[in-house]
Amino acid sequence: MQRRDALKAVGTLVAASALRPERAPAQPAPASAGLIGPATVETEIVRLRLRHTWTTTMSSSDYRDTLHVRYTKDGVTGVGEGAPIVRYHEDAAGCRQAVESVAGFLASADPLEFDKTLGAVLRRIDGMWAAKAAVDIAVLDWVGRKRGLPIYALLGLDPADAPVTTFSIGIDTPEITRQKVREAEAYPVLKIKVGLDTDEATIAAVRSVTTKPLRVDANEGWKDKETAIRKIDWLATQGVEFIEQPLPAAMLEDIAWLKERSAMPIFADEACLRPEDVPGLAGAYDGINVKLDKAGGILQGYRMIQIARALGLKTMLGCMISSSVSITAAAHLSPLVDYADLDGNLLIANDPYQGVKVEAGKLVLPNRPGLGVRRLKR
Ligand code: MG
């Protein structure tokens with residue numbers, strides 16, 4: 001098939017600009033890697049329905065739209081997903097446009113040289129990090145499938161090192177909080193969303209039905225250091241292991257003040273988006289929460305984890321509300337981290353894929369090539 005014809009076959013899913021000959025890349029597909037034909041990129045916005053209305057200090061919603069990407073070359077298809085983050089002014093339509101803007105570049109770029117190819121994608125898309133994550137995951141899934149290796153094996157990781165994941169409980173009434181905690185019986189560690197005036201009632205509701213270890217996430221909800229240290233001192237008496245983002249990301253000096261006095265480790269989430277953010281946080285936080293959607297994908301997440309480890313910071317992998325595509329992608333990195341909060345797929349009712357599993361709380365990685373996800377028939 002001629003290159004132009006192959007591109008046309010993608011239909012409306014590829015940006016129109018990529019189809020115009022004058023805008024198409026001049027270079028043919030590299031022959032040296034033994035690859036033939038151009039790659040095609042398809043995008044789809046998928047609406048994921050939440051089992052419970054999901055409330056944090058930032059928002060409340062019954063569904064989330066994520067962007068799914070299918071990258072096909074030489075008869076092999078890799079899938080990827082990115083969850084747009086409203087806090088960073090991202091939405092699914094904008095992410096879709098961003099991916100379509102690099103479809104022409106990806107048509108002729110070499111996926112086996114993924115460090116270079118994905119580095120170029122990072123530079124070519126302005127912002128929209130969830131879009132970059134979706135492309136990164138799809139390309140690495142393709143590489144794993146092509147090489148016949150799970151992504152953890154491409155990265156040289158031992159799947160037996162994958163940690164336990166927490167199960168997250170969003171903000172709700174004490175009655176519904178108790179119900180959610182009972183439904184989470186299979187998970188040995190819970191992550192509780194706090195950050196409001198109702199924190200004490202929330203933790204009391206949780207503690208009325210379980211003695212499990214807890215981790216808490218304030219999502220920048222407390223606005224001054226005095227409130228934060230008072231809450232942290234109390235939470236330390238309630239079997240809480242650590243706290244995530246107690247104050248707004250910009251309050252770095254106040255976080256350092258808290259770290260000096262806190263009875264528990266403090267993790268950065270909203271303050272730590274990408275690899276370049278990590279060194280500046282080392283004095284103020286004890287650890288970082290890495291999310292593929294913030295970072296721009298698996299390779300960027302890998303870099304963040306390695307930088308954090310070199311600086312003596314604890315590491316955690318987190319997620320947005322996503323299907324098993326994105327969660328499984330993050331799980332392939334999880335043998336590298338101290339903690340995991342990879343439950344976004346467990347919170348939805350219509351996951352289109354099956355991938356990583358959770359057994360007695362522990363993440364169990366699929367040992368199939370690439371991500372190892374399978375599409376479910378619905
Ligand atoms: Mg968080």
Side-chain angles (χ1 to χ4, degrees), residues 50 52 54-61 64 66 82-88 90 129-130 133 163-172 180 184 187 189-196 199 202-203 206 213-223 228 231-232 235 240-252 254-255 258-259 262 264-274 277-278 281 284-296 300-301 304-305 308 313-322 326-327 330-331 333-334 337-347:
L50 285 148
H52 288 281
W54 178 249
T55 304
T56 71
T57 57
M58 290 187 222
S59 64
S60 187
S61 51
R64 290 288 176 87
T66 65
I85 305 181
V86 177
R87 187 184 188 285
Y88 311 119
E90 296 180 359
W129 294 87
V164 161
T165 180
T166 43
F167 184 87
S168 298
I169 307 288
I171 294 171
D172 229 309
K180 286 179 175 174
Y187 304 96
V189 188
L190 301 178
K191 173 163 148 178
I192 313 296
K193 292 286 192 182
V194 295
L196 300 175
D199 295 340
T202 297
I203 298 296
V206 173
L214 305 178
R215 297 165 190 168
V216 298
D217 186 357
N219 286 113
E220 312 180 279
W222 304 326
K223 300 304 178 197
K231 298 257 193 180
I232 288 171
L235 288 166
V240 173
E241 295 180 334
F242 61 75
I243 173 126
E244 220 177 294
Q245 205 63 60
L247 292 171
M251 295 175 70
L252 195 61
D254 297 271
I255 299 271
L258 268 187
K259 181 176 181 290
S262 173
M264 65 181 74
I266 301 175
F267 277 67
D269 183 357
E270 285 81 358
C272 190
L273 310 183
R274 288 176 278 283
D277 298 329
V278 181
L281 302 173
Y285 291 88
D286 300 286
I288 62 164
N289 185 353
V290 174
K291 293 177 182 165
L292 304 191
D293 309 285
K294 293 187 299 186
Q300 285 278 90
M304 288 178 80
I305 293 165
L313 289 164
K314 292 280 185 195
T315 54
M316 171 180 177
L317 268 164
C319 63
M320 306 304 290
I321 303 292
S322 305
S326 176
I327 303 301
L333 282 178
S334 73
V337 297
D338 301 299
Y339 306 102
D341 177 38
L342 295 178
D343 63 347
N345 57 335
L346 305 173
L347 302 172

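Atoms within a ligand are numbered from 1 in the order they appear, just like the ligands themselves.
For Lys223, there are no salt bridge (charged side-chain N to carboxylate O under 4.0 Å, His left out) partners at least two apart in sequence or on another chain. Listed by chain and number, the residues in a side chain to side chain contact (heavy atoms under 4.5 Å, CB included) with Asn219 are Thr56, Thr57, Met58, Lys193, Asp217, Glu270 (sequence neighbours excluded). With sequence neighbours left out, the ring-ring contact (aromatic ring centres under 6.0 Å, His included) criterion links Tyr339 to Phe242, Phe267.
Judged by distance alone, the side chains of Ser168 and Asp341 do bring a donor and an acceptor atom under 3.5 Å apart. A donor atom on one side chain and an acceptor atom on the other are not found under 3.5 Å apart for Asp343 and Thr165.
Between Lys294 and Glu90, none of the side-chain N atoms (NZ, or NE/NH1/NH2) sits under 4.0 Å from a carboxylate O, so this pair counts as no salt bridge.
Counting only protein atoms, the N, O or S atoms lying less than 2.8 Å from the Mg ion (ligand 1) are Asp217 OD2, Glu244 OE2, Asp269 OD2, ordered by chain and residue number.
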